[in-house]
Structure formats: C-alpha cells, structure tokens
Enquirer: 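There's a structure below that I have some questions on.
Just so it is clear, the values below take in all heavy atoms, side chains as well, and ignore hydrogens, waters and symmetry mates.
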Amino acid sequence: MTGAPLIDIEDLRIDLNHGSSQVPAVEGVSFRIDRGETFGLVGESGCGKSITALALIGLLRPPLSVGGGVIRFDGREIQRLPATAQRALRGNRIAMIFQEPMTALNPVSPVGRQIAEMFVLHKGKSWREANQLAVEALARVRVPAPERRVKDYPHQLSGGMRQRVMIAIALACGPDLLIADEPTTALDVTVQAEIIELMRTLCAERGTAILMISHDLGLVANVCRRVAVMYAGRIVEERGSADIFRTPSHPYTQGLVASLPRLGSRAALGRTRLKEIAGVVPAITSFPDGCRFNPRCAQATDICRATAPETSLLEAGGLVRCHHHA
Amino acid sequence: MLSFLIRRILQTIPTVLAVVLLVFALFSVVPGSIVSTMSDDGDPQVEARMKTQLGLDQPVYVRFGSYIANLATGDFGTSFRTREPVTTMIAKRTGPTLQLIFAAMAFAIVIGVPLGFISALRPGSIVDTAAMVVAVSGLSMAKFWLGLLLMYLFALKLGWLPSFGYGDGGLKYLILPAMTLGVSPMALLARTTRAAVLEIMTADFVRTARSKGMSETRVVKWHVTRNALVLILTTTGLQFGALMGQAVVVEKLFSWPGIGSLLVDSVLQRDIPAVQGSILVVVLFFLAVNLLIDLLYGVIDPRIRYA
Amino acid sequence: MKLRANLIIGGALFALAIFVGLLAPWLAHTDPVLDANLMNAEEAPSWLWWFGTDGQGRDIYSRVVYGARVSLTVGIVSQLINSVIGVGLGLSAGYWGGWWDDVVNGLTNLMLAIPSLIFALAIMAVLGPGLTSLLIALGLTNWSFTCRIARASALSLKSQGYVQAATVLGYGDLRIMITQLLPNMLGPIIVIGTLGMGSAVLSEASLSFLGLGVRPPYPSWGSMLSEARDQITTAPWLSVFPGLAIFLTVLGLNLLGDGLRDILDPQSRSRRT
Amino acid sequence: MLKTIAIVASLGLALSVTAEAQTPRKGGTIRMTAPYGSSFTSMDIHTTQRAQDEIYAKALHRSLYIWNSAEGRPVLELAKEDTVSDGGLVHTFKLRDDAYFHNGRKMTADDIIWSYTRIMDGSKAYPGARFVRIIEGAAAVEKGQAKDISGLKKIDDFTLEMKLTEKVDPGFYFFTALTSIYPADEGGKESFLQKPIGLGPFRFVEHVPGSRVVLERWDRFYKPGKPYADKIIVSVMGEAAARDIAFRNKEIDTSVLGPAQYVAYQADPDLKGTIVEVAEVFTRYMGMNPAFKPFADKRVRQAINYAIDTDLIINKLVKGKAYRATSWLPLTSPLYDKTMKPYPYDPAKAKQLLADAGYPAGFEFEWTTSQNESWGLPIVTAVIPMLDKVGIKVKVKQVETAVLAEVIRTGDYQAFIYSQQSGPDPQSALKCFHSSTPQSACNYMNFKNTAFDKLIDESGQTDDAAKRGQLLQQANALLYDEAPVWFFNYNKAVMAVQPWLKGIQLNPTELTHQNVEDLWVDETSPAK
Amino acid sequence: MHDPLGRRDDVILSVEDLAVHFPVGGGLLGRGGRLLRAVDGVDLGLKRGECLGLVGESGSGKSTVALSMLGLLTPTRGRIVVDGQVVTGRRAGNRKTLARIVQMVFQDPYASLNPRQTVRHTLEDPLRVHGVTAASEIEDRVATMLRHVGLRPEQADRYPHEFSGGQRQRIGIARALILNPRIVICDEPVSALDVSIRAQIINLLLELKETLGLSYIMISHDLGVVEHMSDRVAVMYLGRIVETGDWREIFERPAHPYTRSLIAAIPDPLHHAPLATTKGELPNPLSPPNGCAFGPRCRYAEAVCHREPGPPLEMRPDGHMVRCWRADEITDQTALALTASGHP
C-alpha cells in the first residue's frame, strides 16, 4: 500500500475519569487502516473496542477522554484540529453506524430528514435538494419505495430497514471510513446476512474503508481482511483474518477460536467437550498487573504476572502481545 | 383522529359520573346544612319547607338520579345560596380562572423550560446550581405565604402592581396571582426539562447526530428539543390538575373571582349544587386539557397514533 | 457511591426536623398550649423569646418546636397511607391485569382528575377540622401517582426473569408480589413518598389557610402560619418562623427525594407517566 | 369605659363637624371593601342576611326606614311621616312621591306590599321574614294560608297602612336591607339577579362574582344634591392581610381592621389618623348548656365568669378592639346600665364557687368554637389556661361557622363561643332569653327563668317607654346574676378610612353599613 | 434415538396442536381488535434424557411455546402433557405440580436474578414453597446444588451484583435445578454472556444433563450452539414448525428453504462468500402473507407457494419432517455442503 494510511492510531490511551482519579480503559492501542481496507476489531464487552472507535470519530463523552497517543486521519492529527474542522470530518469523511438501530435514530423525526441532514450539514444543500438526495440515498440501500419511506418514522420500520437507513445516513456523503459498531447484533441472522452484504457491497463500490467492531470473531473474520483482537483495553493480536482463525497466536485468541461450537464441527468431529477459557473478564477498574490475560491463561508464567508484554511481530505477518506467543 | 376524539370523550363519561357520585356521597354525610345557615330564626316549619324546595328531603339516590338527568341537559341545578342557576354562576367564574391558570402556566413554561434547558446544557455549573436552587425553593413554600410575600414586595414596597382583585380584568391585576400560582409548576418544569434534556443528551440518536458532525447547538435544536417536549408536555398536563387545586388558595388570597374561591365558599357554606358544579367544571377542564395534551403528543411524537 | 450535596443537605434538614419533633419536650422552653400569658403577648424576638411570642403570649419557638410533631405526623402518616394504598392497588393491578387493572385504572384516573387539594378540602368539610381528618383527607387523595408508578413497575418487572422464575417455581401470587416485585419497586416509591411528604406538609398549610386545618390548640406549622398571616406587615416574626420551618423541612424533603432518586431510581429521572 | 364612649362620641362629632365645615365635592370614586368573605352571597338582597351583602345593598337599595347613626335609631326613609293609631298597632305611612327605581319608575305603596309579600314566601325562607312577620297576617302568608298580608293596606299610591301584631317600633324591623323595597313584579324576574334594580342613590353597573360590585350615581335619587360620588366600587376582600396591603397601597378607601391591625395602625403615625371605631350591637359570649350537669348550677356559671381574666384578654389578645361586657345589653344600647360593674377577675372566688357547687377538683367540658379571630378559637385558646388554673379542663372542638350555627340551634354542645346581635332594639334583644323563645330561634342556651319571663312580658305590654326601659334593665341585671353565659365583650368595630373619604357614619349596627349618599371623596383621592 | 417425532413411551413432554393467540389493539369498548397468532398448531415431543433444539428468528413463536409449557401462558387451543399430566393454563394447582417437573433457565443472567435477594434466599425459597422445612435439609440441598453448578457454598450469602455474568447464569441454573425437575427449558442460555464464558456454561449444561438425567428444550438462535447441544431440532417460522428431525438430518440435509437460509446466513470466517439467501424480514404476524408464510422471502417460491398455505409436516425419506411444497426438488437440486473446514 502506498501513501499514508487512512487511519493511523498510535499508542492510544483512553481514560475513565472518576473524580480526580483516572483509570485507563484503553492503553497502548495502535493500528492502521488503509484506504478501502476492511479492518475488524474484536473483543468482549468492556474490552474497549467501542470506545476506541468513539475516540477515533471524536465522540468520547465524559467520564471518558483521550489520555494520550495520536490519531491521524489522512495524515492529519485529529485531536489538533479545531472543533469545527473535526466536525467537518465527522459524518462527511468518517461515518459511523451503531448497534441498536431503534435508538440510534431520532424517534420523532422522519427518516428522510435524518438522511437529508447530512447533505445540509456537509454539502451545503437546501432542505429541498437534500430531501431529494435522501430519497436517492434510501434507494441505494435498497429500501423499496424510497419516496414513501422517507416520510416514515423509525418506529414504522423493521429493524433491518432501520439499519439500512443508518447505512444510508453513514454513506450519504461518501465517507472514506465507515465505522460499524456491532451493526447487526440486534438483528436476526438472516437479516444480518443481508445487512452485511449491503454494507460490504456499497463500501467496495466507492472504496470506503470499514472499521468493523464486533464480539463475533466469525463475523468479523468473514467481513474483514485484517482483524485485531482486543482484551482488557489492549490489542492482543492483529492478523489477517484467515490467519487469525487458522493459527491464532495469542492464548486468548486461541481460546476464543476453540471455545465456541461452530456450525459443522459436531458433524465433522463429534460432540466433544468445548475448550473453556477459565475465569471471568476483568472489570476496567481491576485490570490485573502484567499481562492482563494472565489470570485466565493456562500458559501464564511469572513474567506474565509481572510484566506487561510488548507487541511482537509474527513471522507470518501480524502482531501479537504475548510473552509466550506461538 | 375523529374517532379517537369521540372515543376519548366517551371515556371521560364514567369519570364524570364517578365524580358526581363521589361528591354526592361525600356531602350527603356532611354535618351542617345550608338550611340552618340561611334561616336565621330557625322555624322548623320554614326549614322543612325549604328542604322540600331545595329537594333535600329526598333520599340521596333520588337526588343523584335527578341531578344526572338534569346534567345531561346541561343544567347544573340552582345554587342553594344565591338562588342563581349554577351554570350562570360558573360561567361568570370560568373566565377569570382560565385566565389565571393559563397565565400561571405560561409563566411556568416561559421561565421554567428555558431555565431547565440552560441548566441541562451546563450541568454542574453555577447557572445550573442556581436555577435548581430557585426551582426547589419555589416548590417548598406554602403558596399563600409566597403570595403574601410577593404582594408585600411588588405592591407595597415597590408599588409596581396592584395587590389584589380582578380590577377591570387588566393584565397588571393578573401578574401577581399568576406568578404565585405559577411558581411550583415553573419549578417542576425546570426540573423536568433539565432531567429530560440531560437524559436525551445521552440517548443513542444524539450520539448519531454528533457522529454526523453536528454542532452541539444544532444537536439541541434539531434533535433534543422535540424529544424533550414530549416529557415537558406530560408534566405540563399533570400540572394543570395541581394548578386547579392551588388556584383555590391563590384566588382566595388575591380576591380573584374564579371557580376556586367559589368552590371554597360553597364547600364551607354547604351549597351542594355549587360545589358539585364547580368540581365538575374543574374535572372537565382537567380532562379537556389532557385530551388536548394527548392530541399534541400526536403532533410532536409520531409514535403515538390515534388508532 | 459519591454522596451528592442534595442528599446530604436534604437529609440533614429532614433529620433536624425529625430530631426537633422527637425531642420537643426537652427543646421547648414552655408548654406550647398552656403557657399562654397574655402579659407577654406579641413580643418581638429577643434573648428571652428566641422567635418572639404570639398574640396569646405563647412562645413561638416552643410552638415551632412542638409544631414539628404535628406537621411531620401529617406529612409522614398521610404519605404512608398514600403509599400503602398506591402500592397495594398499583402492584396488584399491574401484576394481575384484567378487570382489576381496569378498575384500578379507572380509580386512578378519577383521582387524577380531581385536584387532590380540592378533594382533600371536600373530605375535610365532611370530617371537620382536626388531625385525624387531615390524615385521612391527605392520605386518601394523593396515591394516584404512587399507584401509577407501582403499576408501571409491576408491569415491567413481571416480565423480568426472576419474576417469571418465581412463577415457574410455583410461588403464589401474593408471595411473588411481596418478595419479588415489591422490593424491586421500592426505590421509586420511596422517592415519591419523600416528595409526597413535602407536599403533604404544604397541603396542611393550604388547608389551614382555607380554615380546615389541624384542630387547635396544638400547633402545626401550617396553622401557625395561617393564623399569623394577617400580621405579616405588623408582627412578621409570627409568620416568618413557622414559614421558615415549613420551607426548610419541605426543601429538605425535596432535596432528599431528588438525592434518593439519583441513587435508588436512576433511570426514571423523567419517566413518562 | 366612660372615657372611651366619650372619645367615640367626640370622634363622631369631629367627623361630622369636618363634614360640615368642608363643602362636599361632587364626583370621584369611592372604593369600599366587603371584608367578611370571598364573595357576595347574592344579588337578591332579600335572600341573604350576611353583613357582607348589605354593604353594596346600602348603595343600591332602600328600605322603609334607615338607620340614623347620629340619632342612634332608625328613622323614616321612604315615608315622610308615620301616624300611629289603635293603641300603637296601626301605622299609616305617608310615602315619598319622589323616589324612583333605577328603571325610572316611581315607587308606590304597591311596591312595598309586593316586596313584603315576597319576603313572606314560606317556601323560600327569606331571612327578612322574621321582621315582616310583625305585620298582622304575614305569618299566614308564610304558612301558605293566605295570599296577601292582611295587615298591609294600600290607601292610595303614596299612603300605606300597616297593622302590627305587637306594640313595637317598626323602625327596628324595617331598616335593614333584608326588607329592601323592590319594584313590584320586576323584582321576581330571573333577570333581576343579573341586574338588580333598587331605590338607592347608586344604580347597578356590574357584579364580578367573587371580586366586586360596581355602582354609579343614580341621578334621580330623591335627596337633593346627593349622592356626591360618581361611582362606588365594593371589592370583596376576605383576607385581612391582603386588605392591609391594599389599604397601605392606597388601592382601597376603607378597610375593616382586626385586632392585630388595630394595634399596628394605632402605632403607625401615618395610619393612626385613619382609624374610625364604634361600639357595635353585638355581644360576644360563651354559651353554657344547662343540660350539661355542671353548667346547670348558677355558681359554676358565675365561677367561670370570675375565673377568666376578661380584661386581660380584651387588652392583650383582642388588642383593645372590644368593650368589656357586663351583661347582655351592649354599650350602644339605649338601656345600657352604666352603673353595673362586670364580673371581676377573681380565681379564688371562682374556686370557692366551684367548691360550693360540688366541683372542688373542677371538671372537664367540651367547647365548640369556630375559627373566628375575634370570638372563636384564639379566645378559647387564651381562656384554656385560665380555666385550667381553677381546675376546669377544656376540650376544644373546632367547627366551621356553618356547623356552629347548626350546633347551637340544636343544643348539641356543652359550651360554645359566639357573637350575637344584642341590639339595637333592647326588647327584642332580651326576648331571646324568654322561655317561650325556641332554642332554634335565638335562645341558644335554652334559658328558662320565670322571673325573667315576667319582666319581659310586662315590658311588652306597657306603653310607658320609661317603665319599659326600667323593666328591661331589670331583666338585663337578672341575666348578669344568672350568668347563662360568660359575658365577654361588645364588639368594637374598627375601620380604617383613607383621609380623602369623608362623611363616614358611626353605625353601631354594623360599621361597614354606610349611607353612601353622604360619603364623598376630596381631590386627593388617587382613584379616578 | 432415531424416532424423529419422539412418539414413544419415554416421551416426557408432548405438545399437541398448541395455539396461542393474543388479541391486539381494540378499544375500551372491545371492538376492532386483531388476533396475533403467535403460535398456531404446533406439535412437539420431548423424550427423557433428550435435548430438543428449538430455533427460529425472533417472533417465530419459540418463546411462546416455552412459556406455554411452563404454564405461564394459557393456550388458545391444544394440549400440553407433562409426565402424563395435562397442564393447561396457570391454575394454581397446576403451577406447583408443574414446577417440580419443568423448570427454566433464562436468557439474561442480569435480569433473571432478584437483585434484592441473596443467592441463598433465591435457592431456599423454592424449597420452602414446596414444603421442605427442615433447616439442615435446605442447607444441604443448597450447598450441593451450588457445588453442582461450580460455585462455592460460602458464596451463597452474596447478592447477585457481586457475581459476574457467567456466575449469575450458574446461579440461574442452580435455581432451575433446586426442585429436581425432569425437564429444563433453556431460553438462549448463553447469548447474553461474554464470548469467553459461553463454553463454560454450555459444558456445564451438558454435564448436568448427564449427571442428573435431565431433558432439555434448548431455545437459541445460535445454530452453532444448537448443533452442539441438541439431539433433535425443530425449526419454527411464524408460529409453526417448518422442519423437525434429528440434528444431523437438519444440519446436513436441511430440506426447508428457511432452514437452509438460516444455516447459510452463519458467516464463515474463512470464506468471504455471500451470506444472504433470503430477502426481507419476518412478516408482520398480524397480517401474515397469503400462501406459505415463508413464500415472500423464499427464493424457491413458485405460484403454488403464494397461493396455497404451506403443506402439513411431511415425513421425508431420511426420517425428518418438513413443511414445504418444494422440499424434494430443493434437497435434490442443491446439496448444502457443510464441512468442518478449517478447524484447528
């Protein structure tokens, strides 16, 4: 890949401020996304994947704040930009869709207007023009009868339709990056399949990069070219998606891949006892010392309990943060 | 829409009937009767004849029945006390009461809602703290005491406003009573608005709006206000009921010729038809306001449909 | 949990009122009723008479102290009655649904439609002035809000897993309501109750103003304030001290209610009713 | 006590003197207040006996007689002369021929007959019936046995013959607004309530219920040059505190003062000069039910009179806004006995009397009271500790005025405190204690005393005014000794009057009832 | 083992022609309401020791079936026989008897534990309700049960918020088992849990099934979990069962287009292949489409599918049952290859 990456995050830290004390919820996170690339961020709830995305688009709200590190978009440091310039990026060049399409849309505003806002905000269109463009945008996300649907309110649409509207909003201004935070978790599998395909096709058509965030490693691996796995506020492994599934390197990733019953596995291998990851996910306020996975890791040694591992390059490409990586 | 209206109006009938029955039941056991306060010399014959004339010699259920029958024709009966038709009495009192209540509510909305917005947009700031201290203080004062203090300040010390009465119906007569009455809904509205805005500001769709690149003012203008209105409207609707109650005190204090003071007088003098009529009008007013609020919901919140 | 200022201030004010009420016999300088000495009538506040004296020569300070008993009794007991009625009706209506729910809903709408002060006024007219009447009048007229919240809570709680689990485990309805639903709706109920106590104290004052208050000679703040209103320009201390007592107590209850709401009922800051 | 009367008299004199000295100004607005409630009861003054309503009625209506405060008695108003015949029972009135109703029609004898007949409609129970009943045949109309009052005869349009049932001065019966003369037939119409028509110096403009009545000058009023003012506004202001502020704020011209404000106004140099006061014909008292065992004993009743430091209560609690009562007849009664001394404060004597009566340890009774500030709850609360000192415990039962009125008529009490009219006619005032007067009428204590009955009966039969006075004074003295009540006070009515309002009359029947045609405002009035 | 209908003596729970309809809307005066046919003619059987997987999208009626089995809903029609007894509705007598036979594990471990009760309280109460009064016995049974689900008895006096999600689900399981039921209905037992915890719970459920001899009805939308745990599977669509049979038949030779699209929609991490084989979403159950309910979304649909309602469940040659006009053609046309490719 030539030229600067679209997104370049270096050593990002996000603090949870609690009165005067601060707890890092995310620490030492670095990754890059190139133009048109699909990148996945996988992790369990509370691992920091969503707030990393929010930091990226500048939407962290108190008590969370960026505590350190650099976020570059298209070569420019986002945090250094004035507020207006940041806003001009948001929605226009970096767009985001959220998990719950019911609550992510304003319940008392017609969906057409919520799409049209984008054209008014970023393209300087009049409301009349914007409304026309909104119809087209809805058509692009394959909503039937878009000219009627623009007048509908979110509650009049099904979950899948709402998520299409969200995609229409996000892609309205042809952004360079689409952040999709658990875009299909609230949907049924068949609808999920449709939405994923729609997202994938539309982004591929216009070269929009995707940062997909999910707890579902299978889904992310299916959608994205590269995947980063987060655990307890840190990226523990970053690989090509096929690699991470075939030869997971970090013990946590290994555990994830092995612990879940996957379709067809019983037919192929018979019903075996699932591999368990022992213990519980730590809370933000009680991350363990050393490697944050060490209390749950079967391979943990003293060094794991004492020192936090640095990321190391894997021979097959990719990064891992483990003292004992395979 | 129309069928919704009709259905809603039909739904109020049992409530109205229950109110009538309730008041009838209450005042059929009340001690003291209008008759003894009206005939000074206490001639038992005269009293008996009076009771006959007023229908008080009939059993309660008969009176209830005939009252309902008359009510259906719009006849609220005749006041024991003034011997006027209750309809006329109430008609004269309705205007001032509505004036007072709507003025109080307008005061509450005009002051309370912006106050709530300002507080919510700067939570924890001095403005916020000050606004909420004012609001909670407004809620915590005995109404008539507050009225007296306002009267003392604005009429006597500053001389800006007349202290009492309806005067010629001019605005300056309305200000003090409306303020006194409006303080607690103002406080409640400020608090509700603040809470509503704060809550909405954390809603997912506000995050969506921000992710679109909107400035905070635009987020508030385009997405928060209308959603907050739904909650503000609910509080407003409920406050009308409380206002009707408080109006009793305020009207009496300011010699305001409204239904509230009519009601108190009628209660104290056992003028049952007038009590009955006043309470009924108050209830009908409350129901009407809430019907209106429900209709407004439909305008503001598309999720509510009149199926 | 960080304690919020309103919780601390509110709690302190309310605790002070309770404290004063409980310790009235020790705190008061004189008997609030019998120690009327017309020779001392209408003294302004001084070292001898902290809050001054009233027209009958009674010590306002002692009366305010004793008044706490009556006013707080009115506030607490009437609100307790309201809470019991409201929770009883709302909880059962929300849990059982059906015709009972319709009946309770009808009653609630009726109660909402008649302004509670007016209803209380009518009841007082029937029962005559006095503490018991006041407790009944205020206790019967302010439960609709509690009832609605209890009903809404019961409705939403009954689809919660643990309530379903209790049903599946064969618990009786009453047991489910008391052990599963009630403890989990107590937060908002306590909040409403706290705020309701404040408004009951104010309602007592309003009814006193309308001539239907507590039966004398025992003082309530409302009746003291009401009696003193004619002299607001001439002997302001007569109304200032009971007025302040009401104000501070109700303020305390309001702040306490707000504070408790933040702790006990964080989601319902602006619940639609 | 005498001194106070002198002051009152001189004050009245002073007012009338100043009134004479200045030439009344024509025009202006008089802003009076109705202080006894938050509304007028009715625009049909026949239906209401509340003092409140008569305030506007004095401007709007006229009765056959009118109270003349300067003379201290009722005088003829709608008649020019009254000839008495047939042993004092038949009165022939020569009526005014220049009195016009506000609809322009001239008043005739028919209007008076019509009005009195209307008042006797038994089914309506008009409170004025108790006055009209003195006319022969009126009671029959009331009972529905006759259509016309046989004792009323129209001689011609301006001559009316009235036959009474008793030898009394009809002036005391026909001076209040309860017996106002309405235009015949017109007065019975539904529309009359909306726009009442009277004979008074002012005619009706508007009534905002619960707020005010506005009246304007009636140009064809029969007294030449009167009334002076263009307009009268009577505002309803039941709240003393609000009235106080409004008066200080110069929004109203008259305000009735309660005890607290009486003191405050006296102490305020700016307001001191506005005070006008008069002894009204009301006696305030605690009634004791003889059916309640302790109160059956005269000694107990006397003991109560001794046990209460009445002067202290009047001075401190009532703030001097009352005159100490000795017996029943009030200070302004023509038969008031100046030589009689009230019961002194003597708790030792009270204890002694109680012990004599068999209650050395005292007893407990229930005292029914209203909230009234002058003769209700505050008085009761002040008395409690005093009675406590002689061993008598009091349980207070507070009721509303409406309930109290019923309680005392039915005798459903052990004791009550009340204010009862005790004038201006001493005979009818004392007759309340006659054993033939039912409890429901005005013998609230169910007083029965043969000696007393005899005195009253004799006084009613004699034609000799002096003898009648003597008998009644004896009866009054007997009441003093029997002490059916605790004699508390005679009301001192106090009004604050703005300096620009002139011509206020000291009306002992009710200070707020002013013959408004004599009032006028000078140019310093802030009202337009 | 190979009787797909499970109509044999060892059937512990059977559902016959179950229908649950809800009136929707309608005014106070009782007019204008429509009928929501949440479940409409469902037959099911559960054998002793078996795990029956119930799959379908949200709104397909699978939870309604479960609630009816538990006696929490009164069916409009049909019969539910549990351990030889007919149970219908929520009559009090039923409820208690039923409680000792059928229990449930709930989806959300946060909402399914009473936050105001300690674990001990939560586990002891049911015993008391069911007449166990001896303190020592109660104590014993609670301790044993806690150990069964992998918790320590000394944790019993804590409140739910002191536990992690996985531990709470263990408590939920303990509560379901404390009365020694024969049947446990597991409603999405792991979908609300952290991914790394799911395996623990799945393993626990399977172990308990063996050691305690339980029968499961396993409701889930996660076909991986269903495949792993079930002996038989029933697929529901819009209130009806469209396909049922042995797990292997269902997953290897799905005959109903809906089943096929469900399986196809599972993203394969190793192939970026198109996932969607259906279009649109579940139709509004208040106004179901004419013809086969799946017709509008089915890519195999022909005229008959839009005209005629779906056929009755038909036995297929391989022993499982399908409700589809074109089942034969579809299975023949396109064999869906499901291999366990790429497992480490």
Enquirer: Measure distances from E:Leu113 to the heavy atoms of chain C and classify the residue's part below 4.5 Å as side chain, backbone, both or neither.
Expert: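 It is the backbone, since no side chain atom gets that close.
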Enquirer: What are the two closest non-hydrogen atoms of C:Leu22 and C:Arg69, and how far apart are they?
Expert: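 Nearest heavy atoms, C:Leu22 then C:Arg69: O-NH2, 3.4 Å.
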Enquirer: Given a strict heavy-atom distance threshold of 4.5 Å, which part of E:Gln117 is in contact with chain C: side chain, backbone, both, or neither?
Expert: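 Answer is side chain: those atoms of E:Gln117 sit under 4.5 Å from chain C.
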Enquirer: For the candidates E:Leu179, E:Asp125, E:Asp108, E:Leu70, which exhibits the highest count of non-hydrogen atom pairs separated by less than 4.5 Å from chain C?
Expert: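 It is E:Asp125.
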Enquirer: Using non-hydrogen atoms only, which part of E:Val102 is less than 4.5 Å away from chain C: side chain, backbone, both, or neither?
Expert: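 Contact with chain C involves the backbone of E:Val102 alone.
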Enquirer: Under a plain distance cut-off of 3.5 Å, with no hydrogens placed, do E:His221 and E:Glu57 share a side-chain donor-acceptor pair?
Expert: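 No, no side-chain donor-acceptor pair sits under 3.5 Å.
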Enquirer: Let's test your reading of the structure: which of C:Asn184, C:Leu186, C:Thr179 forms the most heavy-atom pairs below 4.5 Å with chain E?
Expert: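 With the most close heavy-atom pairs to chain E, the winner is C:Asn184.
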Enquirer: Heavy-atom distance under 4.5 Å to chain C: side chain of E:His121, backbone, both or neither?
Expert: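 Neither part, no heavy atoms under 4.5 Å.
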Enquirer: Of the backbone (N, CA, C, O) and the side chain (C-beta and beyond), which part of E:Asn114 lies under 4.5 Å from a heavy atom of chain C, both, or neither?
Expert: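 The answer is both parts of E:Asn114.
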Enquirer: Between E:Asp83 and E:Arg48, is the closest basic N to carboxylate O distance under 4.0 Å?
Expert: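 Judged by the 4.0 Å cut-off on N to carboxylate O distance, E:Arg48 and E:Asp83 do form a salt bridge.
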Enquirer: Could you tell me whether the side chains of C:Glu204 and C:Ser220 share a donor-acceptor contact shorter than 3.5 Å?
Expert: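 Side-chain D/A pair, C:Glu204 to C:Ser220: present.
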Enquirer: Do E:Glu139 and E:Arg120 meet the salt-bridge criterion of a basic N to acidic O distance under 4.0 Å?
Expert: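 A salt bridge is present here (some side-chain N lies under 4.0 Å from a carboxylate O).
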Enquirer: Identify which part of E:Asp187 has an atom lying under 4.5 Å from any heavy atom of chain C, answering side chain, backbone, both or neither.
Expert: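 Neither the backbone nor the side chain of E:Asp187 comes within 4.5 Å of chain C.
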Enquirer: Using distance alone, with no hydrogens and no angle criterion, decide if C:Trp96 and C:Asp173 have a side-chain donor and acceptor under 3.5 Å apart.
Expert: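 A donor-acceptor contact under 3.5 Å links the two side chains.
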